[in-house]
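First the proteins, then the strands, lettered A, B, ... as listed; each starts at 1. Bear in mind the structure is a predicted one, so any value in this text is a computation, not a measurement.
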Amino acid sequence: SVTYGTVVNGIRKSGDSDWALNFLRTMEDRRIEISVMIYNMVIDSLCKNGQMDDAFDLFRRIESKGILPTVVTYASLIHRLCVLGRWSDVLELVRDMVRRKISGNVVFFTILIDAFVKDGKALEAKEMWEEMIQRGLVPDTVTYTSLINGFGMHNNLDAAKQTFDSMVSKGCLPNVVTFNTLINGYCKSNRVDEGMKLLNEMSRRRVVANTCTYNILIQGFCQVGNIDAARKLFREMLCKGPHPNSITYSIFLDGLFKNGKQDEALVLYDKMEKNGIKIGIVGHTIVVHGLCKDGKFAEALHLFEKLTNKGVKPHVKMYNVIISGFCGIDFLDEADKLFKHMKEVGCKPNNRTYNILIRAHLKNDDISKIIELTREMRDRGFSAD
RNA sequence: GCAUCAGACCCUCUUAUUG
């Protein structure tokens, strides 16, 4: 059973949850006992894969086999439901837990607090916090970091800093994620200087800054137009680390484009290709978008075609950039054609895709097209801006 | 009995070079 667990865990890390499911079936058919932890791992991987229906099927199946779900089982399901914003389903599961007298632990409450706070549901988050304390549970570094993140996301940096200070005073030590979170809050509010102060405080506290720390700061500098400082950090990463990853390159490229340094961005992009540095679809999208904004749609389109020919799979945002580019030069037929194409290859348009197209057709007074798009949009549960 | 399973941080798209 331990060995099987290792195998399932391996499958889970590979992200192939269908495989894990089949594996479970095989074990069940051979009447090998499977512990609830193994089921938990598979349920969690299904959730992370977005296969909620399969996850619930398995959840019900283990119940029918007489295996009792644990708080971990519920935590995995609830976590994903929160991310999807399916609050009524969350409530239903929580009631289910209460009915079965399965009580939440710190991780469980942290999941809910994090989700509420991210969704701007401060009241509910506070309720969960109080409930947690009332039960004698002690918030840990992750709990505090979630709070700090929530406050940062809503530009309430005073509250974020207060939370940071109070965790320290309670003997709960901030780790690199805690620092990154607070730094990110300041950077997103155009206060990268405060972020740099925290970078110094990190070393004072013997917390080692990682790639993510630098990524956040580089973006912070780009956002306030201080490309020189961003470049300095980027070069520091190249020569003494922490090593840049594809997100670092994306952030820096985006910063260069948005600050009018198209040439430098393109030089870097070329250099990356020559040196075999992989950049993901996000990075490619940044470059294609940067070319569009610079009025070089022909080049953008050329790059887009080159990438797709190389087998790079565009995603919605990439299609949106190109569709928007066609609209910008009044090639609505081409925009419509690409829109059709993306759907044919199974790339689901999002809210923004429709808004781009509707806006373009509005300019052309193409009423029937607008009606068609609006209807299709509504059918998919989107709304116009 | 304990442990192994669940939780926190970073990038791109419309309106928008002019809000």
At a cut-off of 3.5 Å, list every protein nitrogen or oxygen paired with a nitrogen or oxygen from nucleotides 9-12 of chain B, distance to 0.1 Å.
unit_1	atom_1	unit_2	atom_2	d
B/C9	OP1	A/Lys118	NZ	2.9
B/C9	O4'	A/Thr181	OG1	3.0
B/C9	O2	A/Asn180	ND2	2.7
B/C10	O2	A/Asn215	ND2	2.5
B/C11	OP1	A/Lys188	NZ	3.3
B/C11	O2	A/Ser250	OG	3.1
B/U12	O4	A/Lys317	NZ	3.1

Output a table of nitrogen or oxygen pairs between the protein and nucleotides 16-18 of chain B separated by less than 3.5 Å.
unit_1	atom_1	unit_2	atom_2	d
B/U17	OP2	A/Lys293	NZ	2.9

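If you measure from atom NZ of A/Lys348 to atom C1' of B/C13, you get 19 Å, rounded to the nearest angstrom. Residue A/His79 contributes atom NE2, which lies 6 Å from atom P of B/G7 at whole-angstrom precision. Distance CD1 (A/Ile370) to C1' (B/U15): 15 Å, rounded to an integer number of Å. Atom P of nucleotide B/U15 and atom CZ of A/Arg352 are separated by 9 Å, given to the nearest angstrom. Whole-Å rounding puts the A/Ile356 CD1 to B/U14 C1' distance at 4 Å. If you take CZ of A/Phe382 and C1' of B/U14, they are 14 Å apart, rounded to a whole angstrom. Summarising the geometry, the separation between CG on A/Leu58 and P on B/C5 is reported as 18 Å, rounded to the nearest angstrom. One interatomic measurement links the two molecules: CG of A/Asn350 to C1' of B/C13, which rounds to 8 Å at whole-angstrom precision.
When the C1' atom is used for both B/C10 and B/U14, the distance is 24 Å, rounded to whole Å. Between the C1' atoms of B/G19 and B/U15, the separation comes to 10 Å (whole Å). A distance of about 23 Å separates the C1' atoms of B/C13 and B/C9, rounded to the whole Å.
Here the side chain of A/Ser76 pairs no donor or acceptor atom with the backbone of A/Ile43 at under 3.5 angstrom. A donor-acceptor pair is defined here as one N or O able to donate and one able to accept, closer than 3.5 Å; such a pair exists between the side chain of A/Asn259 and the backbone of A/Gly255.
A pairwise comparison of heavy atoms in A/Ile148 and A/Ala160 identifies CG1-O, 3.8 Å as the closest pair. The minimum heavy-atom distance linking A/Lys348 with A/Val316 is given by the pair O-CG1, 3.4 Å.
The residue A/Thr73 sits apart from the nucleic acid: no heavy atom pair falls under 4.0 Å. Contacts of A/Asn351 with the nucleic acid, taken as non-hydrogen atoms under 4.0 Å apart, are absent.
The aromatic rings of A/Phe164 and A/Phe179 stand perpendicular to each other, their planes meeting at an angle above 60°, with 30° marking the opposite boundary.
Partner of A/Phe252 under the side-chain contact (heavy atoms from CB on, under 4.5 Å) criterion, out of A/Thr248, A/Asp254, A/Leu256: A/Leu256 alone.
In this model, a donor atom of one side chain and an acceptor atom of the other lie less than 3.5 Å apart for A/Asn210 and A/Asn180. Looking at A/Thr110 and A/Thr143, their side chains do bring a donor and an acceptor atom within 3.5 Å of each other. No side-chain donor from either of A/Asn49 and A/Asp54 sits under 3.5 Å from a side-chain acceptor of the other.
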